[in-house]
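Taking it in order: structure first as structure tokens, then the write-up.
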Amino acid sequence: MQEKYTPAAIESAAQQHWDSQRSFEVAADPSRPKYYCLSMFPYPSGKLHMGHVRNYTIGDVLSRFHRMKGYNVLQPMGWDAFGLPAENAAIKNKVPPAKWTYDNIDYMKQQLKSLGFAIDWSRELATCTPEYYKWNQWLFLRMLEKGIAERKTQVVNWDPVDQTVLANEQVIDGRGWRTGALVEKREIPGYYLKITDYAEELLGDLNELEGWPERVKLMQANWIGKSTGVRFAFTHDIADENGLIGDGHMWVFTTRADTIMGVTFCAVAAEHPLASHAAKNNPELAAFIEKCKLGSMMEADMATMEKEGLPTGLSVTHPLTGEPVEVWVGNYVLMSYGDGAVMGVPAHDERDFAFAKKYGIPIKQVVAVADNAYSLDAWQEWYGSKDGVCFHSGKYDGLGYEAAVEAIAADLSAKGIGEKKIQWRLRDWGVSRQRYWGCPIPIIHCDDCGSVPVPDDQLPVVLPEDCVPDGSGNPLGKREDFLNVDCPCCGKPAKRETDTMDTFVDSSWYYARYASTFSADSMVDTETGYWMTVDQYIGGIEHAILHLLYSRFWTKVMRDLGLVNYREPFAHLLTQGMVLNNAFFQKPEGGGKNYFWESEIDLQRDAKGQITGATLKADGSALEHELTTMSKSKNNGVDPQSLIEQYGADTARFFMMFAAPPEQTLEWSDAGVEGAHRFLRRIWSFGHGFAAELRGLIGGERQLDGTKLPDDLATLRREVHLLLKQANYDLGKQQFNTVASACMKMLNALEKAPRDTALAAEVIEECFGILLRVLSPITPHIAHTLWQELGYGDEILAASWPEPIDAALVQDEVELVLQVNGKLRGAVRVAAESSRSDIEAAALASEAAVRFMEGKPARKVIVVPGRLVNIVC
RNA sequence: GCCCGGAUGGUGAAAUCGGUAGACACAAGGGACUUAAAAUCCCUCGGCGAAAGCUAUGCGGGUUCGAGUCCCGCUCCGGGCACCA
């Protein structure tokens, strides 16, 4: 056995061993319990980053732990291979996205292998391969047949210079990222998946997901956003050349029907038919509407922008009072939510209040809350409260929120212009992307037959892999060989759809494909039934809503099509915190941020080492900094490669687990890695130092007799078994940082232990065997090698997980904390099985108690068994 | 702006059910070994104080014998906001 710990050598040897044994290739085996452990697959951006190392180490720890617990463990890996960065790289380097992507996959796969993850590589998949995306297309066609997919108009960011659609990410301060041109909103056709049809089930089934963090379920519930309210119409006789607009009804939705008597205006979206009609003879309004159409599509921008409006000059009729109500166009009203119109009740809605104050619209209080006086001076929290009663509301006066809503809904319903309605915040999922590097939408456009689905036997529609996007629109639009096709209905020349699918489609079902046998004839097969559902899913908290919601939806669609028999894909979810690092930037005049690498700058720090400023090495100019997620675009990623090369995979893995609990954000710091490596060196030299003794001991049928141990060895053994108990508890909580520290404590104890007797060697043999096994999921290479070298066995993978021995844990005496009036004043030692009154007596008699009680009688003595005694006097 | 989290020494963090705050590490300082360095090992290490002790878990209140942990009100930081993945 080598004296020196040489991670490079032992890690490649261990990896070769696992490779040659095919240790991690698994098959369905109904006789054994299965554990499907899935980490979110990476986007092949070029190199692994620290977030990946963190994510996959967590998954690997859980996989290896469960394997030693006796489970049949599946841990697959693949590539979320379609997406925008490949096109950006193509624009920059003139390399086809396909080549860039496949090259990145090759490199990153080798990186993953060097980290020693227990992955079944025989199930590797990449979403950009036709064998995979064929089934995106196939399922999309089934959704079309069932009416789950439909074609309607969508609003996109349009760059008028490049004549191309931009992602939100490519719009910086309202301008195109490459051209700097003001971005416009444009309506174009696209496909939507009716996720709203599943809203009720997606919401309800959250209750079944006991293994999900509450906060994720809460976020999803809020996102789905079920609200019960009233949809009703303001009537009018506004007509254009086609007759009454909207049949003389302007529909609105409100959750506050109880405030209907306080309506003093209505607001409609810029795209609303009444707005368009009013703009015809009103150039100022037409200009305002154009301006609204320029604005951002993003909800955050909508919510923070200045609320503006302009009157249309039109009025509609209040459904209950019959009074005329002015109609305004508001830039904050969304055509895509509800009916694109809202009622304005300034007295009881904060936004309406601000709007009314700004434009001098009357404010009419119609809800009163006891002991509060209404004033128009400033908005008060209680104005929006549902706790009050109707007021100034005629027949509804005195009714509380619920009674008022019921009464008003009933009256509106009687007039035939309103009803109670459930409204969802969730919108349908627009899946069309005007991009090249994605899964082609399998549709053919024929002048005669319209939009025709590609027949199943012509799937997949294969994406040509040699295009190089240049930023001026989808290159598929110029590919005659892709575009031109005969119409499947009439046989006449037709054109293929050039839109591709949202990449969230790719990631909505990959877990099911891993679990099946990659058949060319079916999306999923019977093997899926054994492995699914995923027992443990691990990924970044940033996916808490969209990816997870789309996957849940997709699963339910597959179930309705009879493809799978489960209703939820992921039983347990671990949302790892993000890995953060400082990012340094300057703000150029055109807007946006220019990021610099830390190597390009000089840092200024205060006496405590906190960063106070930064300057660019090149010209000394000042930089701003922010603590943010590691990302390619921010030049603040730390490449794990150098870490692996310098210290080895085990050190990188140990440090990642030790640095913070998995759910917490992890602020990157180079320091600390050294400590992890030092620990592994100590483990190695401890093993090396005892190699001869341990080899002699291991292997026999001998069982350590704990009753004959001298005190120091009994204490050591007790300490290690106690640490094992804690480590097992923490593994159950998925708190791996304290598992790592338990291992460190075990080694600390072992190093201090006496080692000069045969009995000592026996205890150390048992304890070190525990330590190696607890450590093995985190640092598998060193644990594997020491296990073998010391003769514990051939395969630590095949060893069973250690459990603490109760007899080793007992102790005769315990030390209790002594408090007087809640303050720590000392300690009392008592026999472990002392009664409450014995403990009280011992505490009261102690020197510290006498001293701090200052002669006062004890009014109360609180005894917490095994913990403390508190004397109140 | 809205929804969801988080905040504990110089740093990362621990504290299982409301019961010794700072385990385990990193950094720093001191020492041993060494011709020297590296490595390794030992000691100190929240603040104030000579000590007794006091004080301390982002800020301000509250509940409790006892609060990092529970409640109310803030501040700052992170994630998401539907075309980044």
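Order of the sequence lines fixes the chain letters, A, B, ..., with proteins taken first and strands second; residue numbering starts at 1 for each chain. Heavy-atom basis, side chains included; hydrogens, waters and symmetry copies ignored.
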| Of the nucleotides B/U20, B/G66, B/A52, which has the atom closest to the A/Leu868 side chain? | B/U20
| said: Run A/Arg178 and A/Asp162 through salt bridge (Lys or Arg N to Asp or Glu O under 4.0 Å) and show every step you take. | reply: CA-CA 8 Å; A/Arg178 296 175 70 240; A/Asp162 263 349; 2.8 Å; yes
| message | So A/Arg425, base contact, sugar-phosphate only, or nothing? Heavy-atom distance under 4.0 Å. | response | base
| Distance between the P atoms of B/C70 and B/C26, in whole angstroms? | 31 Å
| said: Measuring to OP1 and OP2 of B/G66, would you say a side-chain N or O of A/Arg825 lies under 4.0 angstrom away? | reply: no
| field | Protein-nucleotide distance (A/Leu723, atom CG; B/A23, atom P), rounded to Å | value | 15 Å
| Across all strands, who's sitting opposite B/G73 as a Watson-Crick or G-U wobble pair, both distances under 3.5 Å? | B/C59
| What integer distance in Å separates A/Phe654:CZ from B/A13:P? | 15 Å
| Distance between the C1' atoms of B/A25 and B/U35, in whole angstroms? | 34 Å
| message | Using whole Å, what does the distance between atom P of nucleotide B/A82 and atom CE of A/Met297 come to? | response | 7 Å
| Nucleotide nearest A/Lys823 (side chain, heavy atoms from C-beta), chosen from B/A39, B/U55, B/A82 | B/U55
| said: I need the CD1-C1' distance between A/Ile541 and B/C3, as an integer number of Å. | reply: 12 Å
| Closest nucleotide among B/A82, B/A85, B/U40 to the A/His543 side chain | B/A85
| query | With sugar-phosphate meaning primed atoms plus P, OP1 and OP2, does A/Ser685 contact a base, only sugar-phosphate, or nothing at under 4.0 Å between heavy atoms? | reply | nothing
| query | Can you name the closest pair of heavy atoms from A/Tyr132 and A/Asp506 and give their distance? | reply | OH-O, 2.6 Å
| query | Within the structure shown, what part of the strands sits under 4.0 Å from A/Met298 by heavy-atom distance: base, sugar-phosphate, or nothing? | reply | sugar-phosphate
| request: Using the P atom as the reference point in each nucleotide, state the distance between B/A13 and B/G66 in Å, no decimals. | output: 31 Å
| query | Counting side-chain heavy atoms from C-beta on, which of B/A27, B/G79, B/G19 comes nearest to A/Thr628? | reply | B/G79
| note | Of the candidates B/C84, B/C81, B/A52, the side chain of A/Arg851 sits closest to B/A52
| message | Under 4.0 Å, heavy atoms only, any strand: does A/Glu663 hit a base, just the sugar-phosphate, or nothing? | response | nothing
| said: Please report the interatomic distance CD(A/Glu719) to CG(A/Leu722), rounded to the nearest 0.5 Å. | reply: 8.0 Å
| request: Please measure how far the C1' atom in B/C33 lies from the corresponding atom in B/A38, and state the result in whole Å. | output: 13 Å
| message | Of the options B/U40, B/A14, B/G78, whose atoms approach the side-chain atoms of A/Thr665 most closely? | response | B/G78
| request: Determine, step by step, whether A/Arg433 and A/Asp502 satisfy the salt bridge (Lys or Arg N to Asp or Glu O under 4.0 Å) criterion, reporting the C-alpha distance in whole Å, the side-chain angles of both residues, the deciding distance to 0.1 Å, and the verdict. | output: CA-CA 6 Å; A/Arg433 297 291 179 272; A/Asp502 181 5; 3.1 Å; yes
| Given the C1' atoms of B/C74 and B/A7, what is the spacing between them in whole Å? | 14 Å
| task | Have a look at A/Phe655 and say if it touches a base, only the backbone sugar-phosphate, or nothing, with a 4.0 Å heavy-atom cut-off. | result | nothing
| message | Heavy atoms only, 4.0 Å cut-off, all strands: where does A/Pro661 land among base, sugar-phosphate and nothing? | response | sugar-phosphate
| Counting any heavy atom closer than 4.0 Å, what does A/Leu666 reach on the DNA or RNA strands: base, sugar-phosphate only, or nothing? | nothing
| message | Please classify the nucleic acid contact of A/Thr738 as base, sugar-phosphate, or nothing, using heavy-atom distances under 4.0 Å. | response | sugar-phosphate
| Options B/C84, B/C65, B/C81, nucleotide nearest the side-chain atoms of A/Asn870 | B/C65
| said: With rounding to the closest Å, how many angstrom separate the C1' atoms on B/G47 and B/A56? | reply: 7 Å
| note | Separation of B/U40 atom C1' from A/His688 atom NE2, nearest Å, is 16 Å
| Same-atom distance (C1') from B/G18 to B/U57, integer angstrom | 15 Å
| request: Identify whether any heavy atom of A/Val171 sits under 4.0 Å from a base atom; if not, whether one sits that close to sugar-phosphate; answer base, sugar-phosphate or nothing. | output: nothing
| Just by distance, do the side chain of A/Lys358 and the backbone of A/Lys307 share a donor-acceptor pair under 3.5 Å? | yes
| remark: Looking only at B/A85, B/U20, B/A13, the nucleotide nearest the A/Leu546 side chain is B/A85
| Can the positive tip of A/Lys152 be found less than 6.0 Å from the middle of the six-membered ring of A/Tyr192, inside 45° of the ring normal? | yes
| field | Euclidean distance, atom CZ of residue A/Phe82 to atom P of B/C84 [Å, nearest integer] | value | 18 Å
| Out of B/G19, B/A25, B/A82, whichever nucleotide has its closest atom nearest the side chain of A/Gln819 | B/G19
| Since syn is defined as within 90° of 0, does B/G47 count as syn or as anti? | anti
| For B/C33, which nucleotide in any strand shown is its Watson-Crick or wobble partner with both distances under 3.5 Å? | none
| request: Report the relative orientation of the aromatic rings in A/Tyr5 and A/His677; use parallel for angles under 30°, tilted for 30 to 60°, perpendicular for over 60°. | output: tilted
| If each of A/Val872 and A/Arg433 is mapped to the nucleotide of RNA chain B with the nearest heavy atom, which maps nearer the 5' terminus, i.e. the 5' end? | A/Val872
| Has A/Asn748 got a side-chain N or O lying under 4.0 Å from the OP1 or OP2 atom of B/A25? | yes
| field | Nearest-neighbour nucleotide for the A/Trp223 side chain, B/U16, B/C81, B/A39 considered | value | B/C81
| remark: Rounded to whole Å, the CD-C1' distance (A/Gln220 to B/C81) equals 14 Å
| message | Measuring only the P atom in each nucleotide, how far is B/U11 from B/G46? A whole number of Å is fine. | response | 13 Å
| Pair assignment for B/G49, Watson-Crick or G-U wobble, requiring both distances under 3.5 Å | none
| said: Strictly by Watson-Crick or wobble contacts shorter than 3.5 Å, is anything paired with B/G12, and which nucleotide is it? | reply: B/C24
| field | Nearest-nucleotide comparison on RNA chain B, the residue closer to the 5′ end among A/Leu218 and A/Glu815 | value | A/Leu218
| query | Would you say the base of B/C3 and the side-chain of A/Asn222 have a donor-acceptor pair closer than 3.5 Å? | reply | no
| G-U wobble or Watson-Crick pairing nucleotide for B/A39 (cut-off 3.5 Å, both distances) | none
